[in-house]
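Letters go in sequence order (proteins before strands), and every chain restarts at 1. Bear in mind that the values here come from a model prediction, so they are computed numbers and not experimental data.
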Number of protein chains: 2
Amino acid sequence: MAKDSSAAKAPGKREEERRRAILRAAIEVFSRKGYQGCRIADVAKEAGVAYGLVYHYFQNKDELLESVFEAGWSWFLARVIEAAGKGNTFDERVESVVGVAFESYRRDPKAVKVLILEVGRSPSGGAVNRGKAFAHVIQLASQLFEEAQRNGELKPDHDPKLCAAMFFGAIEMGLTGFVMGFIDRREDTLLAAQRQVTETFLRGVSPGTQRTLEAAWTSPKSSSKPKLAKRA
Amino acid sequence: MAKDSSAAKAPGKREEERRRAILRAAIEVFSRKGYQGCRIADVAKEAGVAYGLVYHYFQNKDELLESVFEAGWSWFLARVIEAAGKGNTFDERVESVVGVAFESYRRDPKAVKVLILEVGRSPSGGAVNRGKAFAHVIQLASQLFEEAQRNGELKPDHDPKLCAAMFFGAIEMGLTGFVMGFIDRREDTLLAAQRQVTETFLRGVSPGTQRTLEAAWTSPKSSSKPKLAKRA
DNA sequence: GCTCGAGTTGATTCCAGAATCAACCGAGCC
DNA sequence: GGCTCGGTTGATTCTGGAATCAACTCGAGC
């Protein structure tokens, strides 16, 4: 309580590294086994650390997993904020947000996988609410879109919130294609995907052209009777 | 083994109903608590049935959960296939696929929630591979897009697989907006969303207009250094 | 009415794996 | 050298909840 402060060599840097190692290991195991399959023992082994030490650094399993998510997400969020403020035009901003997402995936696919697999899953009771984190980006992006709308860079009759949702949806699924291995992860395919996502979205959303598609809108076709549960 | 066949009154219809009830209860609990929070005891209680009975109808927890997913997904898949074959033009088909998705949500939001929260979030090890199921729709949609491409209804330089991924991504996230409560679930908002998703996607993907956006493509901006794990 | 067996029950068993904790370092300090 | 004290260890304990199973219910057939 009155030791480091100045001298010595490591003002707690060592512990910091340990913590990192554990987090990193958690990401690894997590991305392999998923939330429920992620055992503390595995994390400890992966990190090359004793079982008990995990509990020295983290209150419990939930806090650990939460930290994994938190760390990844807050980092991503920061990047998105930065990117969204960078370009001058709407197009540029959208472009750089997409860039951030793909770049993240390039650098650390495992971490992105964890985020992708876990975002959206919010067992309302358990752990922290990922929904909240998620809501945050959507909120953020909405602002971007609202502004664009004011500047006439976005169709005025679109709901910004929904635009935001679709935007990240397109990005997420695009990446999911890679995460799941539908598309092999090569620099050229990645680049093409990044480009395609940006282009498609911008084209889809800009007030430029309207390809008349006015069919029987107002009361969509809809199909027949849905309902779940069938089989036996 | 030699009883029903013809006479009597119920050739096992009773059991069928029980099974249904349990499945239905599972969907309920599942959508409330998520995969890992879904306890057999809860399902049994929800179904108004004894704990043990669940095991009479299902081998084990995994099989139950798998059935939940399977039932929902196969139903959805069938609808999509049907919808994709319905319209004559590409636009109409896309429109009706979107319609199927939204209609499903209207009818059974709980079930859709389960699918949305669970599709793609597959702990590669655990349970069945949702990835496979997921791959299936993507595959399916790809065909639709490939055909459209041959007919010049879709930009020729786009990857159909990626288009498919983006397509479902946009739909999924659009619905997620409702599932998570960002947008309140009213008929008008739903309708508007459905419309917007369709329109945006079609506009984004059709060869009609190209809003030049050629910036420094080929080497995307990218931001700075990524990497996960920070905080302390 | 009695028998048989499928459907049904819930207390009991069993175990994976989370969380605990007492003992064990090893580096500074007297 | 002895002492302190935080980081570190892993065997031990504890627990939630999955899976089992012996007993009960009830309708159909004799």
Side-chain angles (χ1 to χ4, degrees), chain A residues 1-26 29-30 32-68 123 125-127 232, chain B residues 1-26 29-30 32-68 123 125-127 232:
Chain A
M1 223 201 229
K3 183 186 59 172
D4 50 88
S5 301
S6 50
K9 63 156 185 266
K13 251 186 65 181
R14 185 68 167 294
E15 292 100 76
E16 191 50 28
E17 267 166 44
R18 287 299 212 174
R19 195 193 168 88
R20 282 291 176 82
I22 294 174
L23 259 177
R24 195 66 226 168
V29 177
F30 204 0
R32 266 205 310 270
K33 310 278 197 67
Y35 186 102
Q36 72 154 338
C38 176
R39 274 163 294 160
I40 295 289
D42 295 339
V43 173
K45 198 194 296 176
E46 175 76 34
V49 134
Y51 190 103
L53 198 61
V54 174
Y55 284 91
H56 179 69
Y57 287 102
F58 300 89
Q59 195 75 29
N60 53 36
K61 189 182 174 183
D62 266 354
E63 196 201 295
L64 169 61
L65 261 25
E66 200 41 52
S67 296
V68 167
Chain B
M1 220 202 232
K3 183 187 58 172
D4 50 270
S5 302
S6 49
K9 63 154 184 268
K13 249 186 65 178
R14 184 70 167 293
E15 292 100 75
E16 190 49 28
E17 267 167 45
R18 287 297 213 177
R19 195 194 167 87
R20 285 286 178 84
I22 294 174
L23 257 178
R24 195 66 225 165
V29 176
F30 205 1
R32 263 204 312 271
K33 309 277 197 68
Y35 186 103
Q36 71 153 339
C38 177
R39 274 163 296 162
I40 296 290
D42 295 338
V43 173
K45 199 194 295 175
E46 175 76 34
V49 133
Y51 189 102
L53 198 62
V54 175
Y55 285 91
H56 178 70
Y57 286 103
F58 299 88
Q59 194 74 30
N60 52 37
K61 190 182 173 183
D62 267 354
E63 196 200 296
L64 170 61
L65 260 26
E66 200 40 52
S67 296
V68 167

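In terms of heavy-atom proximity, B:Glu46 sits nearest to B:Ala25 at CG-CB, 3.5 Å. Here the closest non-hydrogen pair linking B:Ser67 and B:Phe58 is OG-CE2, 3.7 Å. Residues A:Asp42 and A:Gly37 come closest through the heavy atom pair OD2-O, 4.3 Å.
Between the CG atom of B:Asp42 and the P atom of D:dG17 there is a distance of 8 Å, rounded to whole Å. In this entry the distance linking CD of B:Glu17 with P of C:dA6 reads 20 Å, nearest Å. For the pair B:Tyr57 OH and D:dA18 C1', the interatomic distance rounds to 20 Å; values are reported in whole Å. One atom, CD1 of A:Ile22, and another, P of D:dT8, lie 8 Å apart when rounded to the nearest Å. Across the protein-nucleic acid pair, A:Arg18 atom CZ and D:dT9 atom C1' stand 11 Å apart, rounded to whole Å.
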What N/O pairs connect the protein and nucleotides 13-19 of chain C at under 3.5 Å? Give each pair on its own line.
unit_1 : atom_1 : unit_2  : atom_2 : d
C:dG17 : OP2    : A:Arg39 : NH1    : 3.2
C:dA18 : OP1    : A:Lys61 : NZ     : 3.2
C:dA18 : OP2    : A:Ile40 : N      : 3.1
C:dA18 : N7     : A:Tyr51 : OH     : 3.3
C:dA19 : OP2    : A:Tyr55 : OH     : 2.9
C:dA19 : OP2    : A:Lys61 : N      : 3.0
C:dA19 : N7     : A:Tyr51 : OH     : 3.3

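Looking at heavy atoms from C-beta onward, B:Leu23 lies out of side-chain contact with B:Tyr57 at the 4.5 angstrom threshold. The shortest side-chain heavy-atom distance between B:Arg19 and B:Ile22 does not fall under the 4.5 Å cut-off. Between B:Asn60 and B:Glu63, some side-chain heavy-atom pair lies under the 4.5 Å cut-off.
Using a 4.0 Å cut-off, some side-chain N or O of A:His56 falls inside it from OP1 or OP2 of D:dG7.
The distance from the CD atom of B:Gln59 to the CD atom of B:Glu66 is 13.5 Å, given to the nearest 0.5 Å.
Axis angle between the ends of the helix from C:dG1-D:dC30 to C:dC30-D:dG1, five pairs each and rounded to 10 degrees, works out to 10°.
A heavy-atom distance below 4.0 Å to DNA chain C is reached by these residues of residues 43-50 of chain B, ordered by number: B:Val49, B:Ala50.
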